[in-house]
Amino acid sequence: MEILEFLKSKIIVLNDVDIDTLTAERELKTIGLDSLDYVSIQMEITKKYGVQIDYDDFSSGKISTLGDFAGYIGSRLTH
(Lines give C-alpha, C1' and ligand atoms only; values in the text may rest on other atoms or scores of the structure.)
Protein backbone atom coordinates (compact mmCIF):
# COMPACT_ATOMS: atom_id res chain seq x y z
CA MET A 1 0.00 0.00 0.00
CA GLU A 2 2.20 2.76 -1.28
CA ILE A 3 -0.40 5.47 -0.66
CA LEU A 4 -0.87 4.47 2.98
CA GLU A 5 2.89 4.56 3.53
CA PHE A 6 3.06 7.97 1.85
CA LEU A 7 0.35 9.32 4.18
CA LYS A 8 2.06 7.85 7.22
CA SER A 9 5.36 9.48 6.27
CA LYS A 10 3.69 12.88 5.93
CA ILE A 11 1.81 12.53 9.21
CA ILE A 12 4.88 11.70 11.29
CA VAL A 13 6.62 14.82 9.95
CA LEU A 14 3.66 16.99 11.02
CA ASN A 15 2.78 15.34 14.30
CA ASP A 16 4.73 13.56 17.01
CA VAL A 17 3.05 10.20 16.60
CA ASP A 18 4.51 6.69 16.67
CA ILE A 19 4.46 5.33 13.12
CA ASP A 20 3.57 1.87 14.47
CA THR A 21 0.21 3.28 15.64
CA LEU A 22 -0.64 4.55 12.17
CA THR A 23 -2.58 1.56 10.90
CA ALA A 24 -5.24 1.54 8.19
CA GLU A 25 -7.87 1.27 10.94
CA ARG A 26 -6.63 4.35 12.84
CA GLU A 27 -9.30 7.04 13.08
CA LEU A 28 -8.07 10.29 11.55
CA LYS A 29 -9.61 12.32 14.37
CA THR A 30 -7.37 10.51 16.88
CA ILE A 31 -4.13 11.48 15.15
CA GLY A 32 -4.23 15.10 16.30
CA LEU A 33 -3.83 16.87 12.97
CA ASP A 34 -5.15 20.41 12.65
CA SER A 35 -6.53 22.14 9.55
CA LEU A 36 -3.11 23.45 8.53
CA ASP A 37 -1.73 19.91 8.71
CA TYR A 38 -4.48 18.71 6.37
CA VAL A 39 -3.70 21.56 3.95
CA SER A 40 -0.04 20.55 3.99
CA ILE A 41 -0.94 16.91 3.33
CA GLN A 42 -3.35 18.00 0.56
CA MET A 43 -0.54 19.90 -1.16
CA GLU A 44 1.76 16.87 -0.96
CA ILE A 45 -0.97 14.58 -2.32
CA THR A 46 -1.62 16.94 -5.22
CA LYS A 47 2.08 17.21 -5.98
CA LYS A 48 2.72 13.44 -5.88
CA TYR A 49 -0.56 12.00 -7.19
CA GLY A 50 -2.35 14.90 -8.92
CA VAL A 51 -5.43 14.29 -6.76
CA GLN A 52 -7.58 17.04 -5.26
CA ILE A 53 -9.32 16.29 -1.95
CA ASP A 54 -13.00 17.15 -1.55
CA TYR A 55 -13.33 18.21 2.09
CA ASP A 56 -17.05 17.38 2.03
CA ASP A 57 -16.03 13.72 1.92
CA PHE A 58 -14.28 14.19 5.27
CA SER A 59 -17.13 16.08 6.90
CA SER A 60 -19.73 13.61 5.61
CA GLY A 61 -17.94 10.73 7.33
CA LYS A 62 -16.94 8.97 4.08
CA ILE A 63 -13.32 9.25 5.14
CA SER A 64 -12.82 8.47 8.80
CA THR A 65 -9.75 6.21 8.94
CA LEU A 66 -6.27 6.34 7.50
CA GLY A 67 -7.21 3.40 5.27
CA ASP A 68 -10.28 5.25 4.02
CA PHE A 69 -8.06 8.22 3.18
CA ALA A 70 -5.57 6.05 1.25
CA GLY A 71 -8.42 4.32 -0.59
CA TYR A 72 -9.98 7.68 -1.44
CA ILE A 73 -6.73 8.85 -3.03
CA GLY A 74 -6.28 5.56 -4.87
CA SER A 75 -9.79 5.69 -6.28
CA ARG A 76 -9.09 9.12 -7.80
CA LEU A 77 -5.86 8.24 -9.57
CA THR A 78 -6.05 8.42 -13.34
CA HIS A 79 -4.88 5.21 -14.94
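Side-chain contact between I53 and I41: absent, with no pair of heavy atoms (C-beta onward) separated by less than 4.5 Å. Put simply, the side chain of I45 does not reach to within 4.5 Å of the side chain of I3, judged on heavy atoms. Between K48 and F6, some side-chain heavy-atom pair lies under the 4.5 Å cut-off. At a threshold of 4.5 Å between non-hydrogen side-chain atoms, the residues Y49 and E2 count as touching.
Contacts of T46 classified as side-chain contact (heavy atoms from CB on, under 4.5 Å), with partners at least two apart in sequence or in another chain: Q42, Q52. In this structure, the side chain to side chain donor-acceptor pair (under 3.5 Å) partners of T21, at least two apart in sequence or on a different chain, are R26. For S40, there are no side chain to side chain donor-acceptor pair (under 3.5 Å) partners two or more places apart in sequence or in a different chain. In this structure D56 satisfies the side-chain contact (heavy atoms from CB on, under 4.5 Å) test together with D54, S59, sequence neighbours excluded. Among residues two or more places apart in sequence or in another chain, the side-chain contact (heavy atoms from CB on, under 4.5 Å) test is passed with E25 by T23.
Here the straight-line distance linking atom CD1 of I12 with atom CG of L22 works out to 7.5 Å at 0.5 Å rounding. Atom CD1 of I31 is separated from atom CG of L14 by 10.5 Å, given to the nearest 0.5 angstrom.
L28 approaches I63 most closely through the heavy-atom pair CD1-CG2, 3.8 Å.
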Expected list for residues 32-39: side-chain donor-acceptor pairs under 3.5 angstrom, two or more places apart:
unit_1: D34; atom_1: OD1; unit_2: L36; atom_2: N; d: 3.0
unit_1: D34; atom_1: OD1; unit_2: D37; atom_2: N; d: 2.9
unit_1: D37; atom_1: OD2; unit_2: D34; atom_2: N; d: 3.0

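Between the N15 side chain and the I11 main chain, no donor and acceptor come within less than 3.5 Å of each other.
Every pair passing salt bridge (Lys or Arg N to Asp or Glu O under 4.0 Å) that includes a residue from residues 8-17 is listed here, sequence neighbours excluded: E5-K8, K10-E44.
Taking hydrophobic clusters as Ile, Leu, Val, Met, Phe, Trp and Tyr residues chained together by side-chain heavy-atom distances below 4.5 Å, M43 does not share a cluster with V13.
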Go through the steps for S60 and D57 under the test side-chain hydrogen bond (donor to acceptor under 3.5 Å, both in side chains), then give the verdict. CA-CA 5 Å; S60 71; D57 290 333; 4.6 Å; no

